[in-house]
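Written below as structure tokens is the structure these notes are about.
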Amino acid sequence: YSNEQSLSITMIYRIFEFWLPLMLGVVAFSWRGRQILMRIIPAIFIFALGIVNIISAATPPIAERWKLISLYLPLEASHVSSLMTLALGIALFFTSVYLMKGFRTAWIMGIVLSFLSILGHIGKGLNYEEAIFGLAVIILLIISRNQYTILSSKKWIRFGFGTFFIALFSVCIFNFLAFYFIKQHHFGIDLTWQQSVNETLRSFLFFTKSQLIPHSRFGTELLYITRLLGFFTWILLLYTLLRPSIFHENNLTKSISEAEELLLKYGSSSNDYFKVQPDKQLWFSSKYQAFTSFRTANYFAVVLEEPVCR
């Protein structure tokens, strides 16, 4: 070949071998990046809504709106809305983390918490600006609903709910006994069992202020402890709903033996040895004599080669 022909051949080869795949890769990554942004932006707005909730709970309502809402709602309802807004703000922080990872349960929790935030802002003092922001977050979550596809394990959720109800029962029993049998001088009142139940619900729900006025250091610490136990119990429930978990095959020895038999019959790859190693998980077809070997990374299943089958 002449110098001109050699240069032309080299340039054409490099265009199709490197530059064209590079350009198509940039376009593909940019298109994929659009979907990544559709997942990240709602998480950022959820986090911002949590900050708005905490700031709103810490600031007093506007006087004119407070007078207007006091005509329709009792004073206790406003206190409930303020503390509920604070608790929802903390819950929204946790939700934003799992929402960014693409969990479907976090998306559902984001919708529910945003809706409750709207009610809390309206009930606190007709804070329609914060309520409009919460509505915008819900609309954004609905638009990006297809980006959240990672599902939680039903076994893990059942286990988590069982743990939550055990903790709930234990905390309520502890709070009830503590309020019922406490000495009168700690709060200046001898609580009946009805009052003990009422204070237990107040401390556990974390939404209303206690009507008890502590007269001793022990009384003050008791109120803090009951609130703290209720708070961590709700965090446990939130973690159970948001955090998925993978349950491995129980009868692992039998699964490996079945996989080795299929490899002897149908295996034809140099990677067959690695398909039954301890670091792999196995999925067997219910219709055919076949299995795939895979591992999980960032909640995605990465399969090693083709299925082993006829």
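Along the sequence shown, the residues carry numbers beginning at 1.
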Looking at [X], I'd like to know if its [atom1] atom is crowded, meaning that more than 12 non-hydrogen atoms belonging to other residues, nucleotides or ligands lie closer than 6.0 Å.
X      : atom1 : value
Gln289 : CD    : no
Glu306 : CD    : no
Phe115 : CZ    : no

To the nearest 0.5 angstrom, please state how far the [atom1] atom of [X] sits from the [atom2] atom of [Y].
X      : Y      : atom1 : atom2 : value
Met11  : Phe16  : CE    : CZ    : 12.0 Å
Ile138 : Ile143 : CD1   : CD1   : 12.0 Å
Asn53  : Phe133 : CG    : CZ    : 9.5 Å
Leu49  : Leu135 : CG    : CG    : 11.0 Å
Thr10  : Glu17  : OG1   : CD    : 11.5 Å
Ser114 : Leu92  : OG    : CG    : 6.0 Å

Exercise for the section: Take Phe291 and Leu263 through the test side-chain contact (heavy atoms from CB on, under 4.5 Å) and record every step on the way to the result. Expected result: CA-CA 9 Å; Phe291 79 94; Leu263 283 174; 4.0 Å; yes
Taking all heavy atoms of [X] and all of [Y], pick out the closest pair and write down the distance.
X      : Y      : result
Phe284 : Ser255 : CZ-O, 3.2 Å
Pro42  : Leu141 : CB-CD2, 3.7 Å
Gly134 : Ile118 : C-CD1, 3.9 Å
Gly50  : Phe93  : C-CE2, 3.7 Å
Ala259 : Val276 : CB-CG1, 3.8 Å
Leu282 : Lys275 : CD2-O, 3.4 Å

Exercise for the section: Say whether, by atom type as modelled, one donor and one acceptor occur between the side chain of Ser2 and the main chain of Gln5 under 3.5 angstrom. Expected result: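 Side chain of Ser2 to backbone of Gln5, a donor-acceptor pair under 3.5 Å: yes, one is there.
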Who else is in the cluster with [X] when I, L, V, M, F, W and Y are joined by side-chain contacts under 4.5 Å?
X      : value
Phe274 : Tyr273, Leu304
Tyr13  : none
Ile9   : Tyr1
Val27  : none

Exercise for the section: Would you list the pairs meeting salt bridge (charged side-chain N to carboxylate O under 4.0 Å, His left out) in which at least one residue belongs to residues 134-146, sequence neighbours left out? Expected result: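 For residues 134-146: none.
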Practice task
Would you sort out whether Thr95 and Leu113 count as a side-chain contact (heavy atoms from CB on, under 4.5 Å), showing the intermediate values?
Solution key: CA-CA 9 Å; Thr95 305; Leu113 294 176; 3.3 Å; yes
Group every Ile, Leu, Val, Met, Phe, Trp and Tyr by side-chain heavy-atom contacts under 4.5 Å, then state whether [X] and [Y] land in the same group.
X      : Y      : result
Val303 : Ile256 : no
Ile41  : Ile142 : yes
Ile173 : Ile166 : no

Problem - Phe103 ring center near Tyr148 ring center (under 6.0 Å) - result: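 They do not qualify: ring centres at least 6.0 Å apart.
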Problem - Residue list, side-chain contact (heavy atoms from CB on, under 4.5 Å) with Ser285, at least two apart or on another chain - result: Trp283, Lys287, Tyr288, Ala290
Handout entry: side-chain contact (heavy atoms from CB on, under 4.5 Å) partner of Phe45, the single match among Leu99, Val137, Ile40
Key =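 Of the listed options, the one satisfying the test is Val137.
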Hey, are the side chains of [X] and [Y] touching, using non-hydrogen atoms and a 4.5 Å cut-off?
X      : Y      : value
Ile44  : Phe47  : no
Leu264 : Glu260 : no
Thr105 : Tyr98  : no

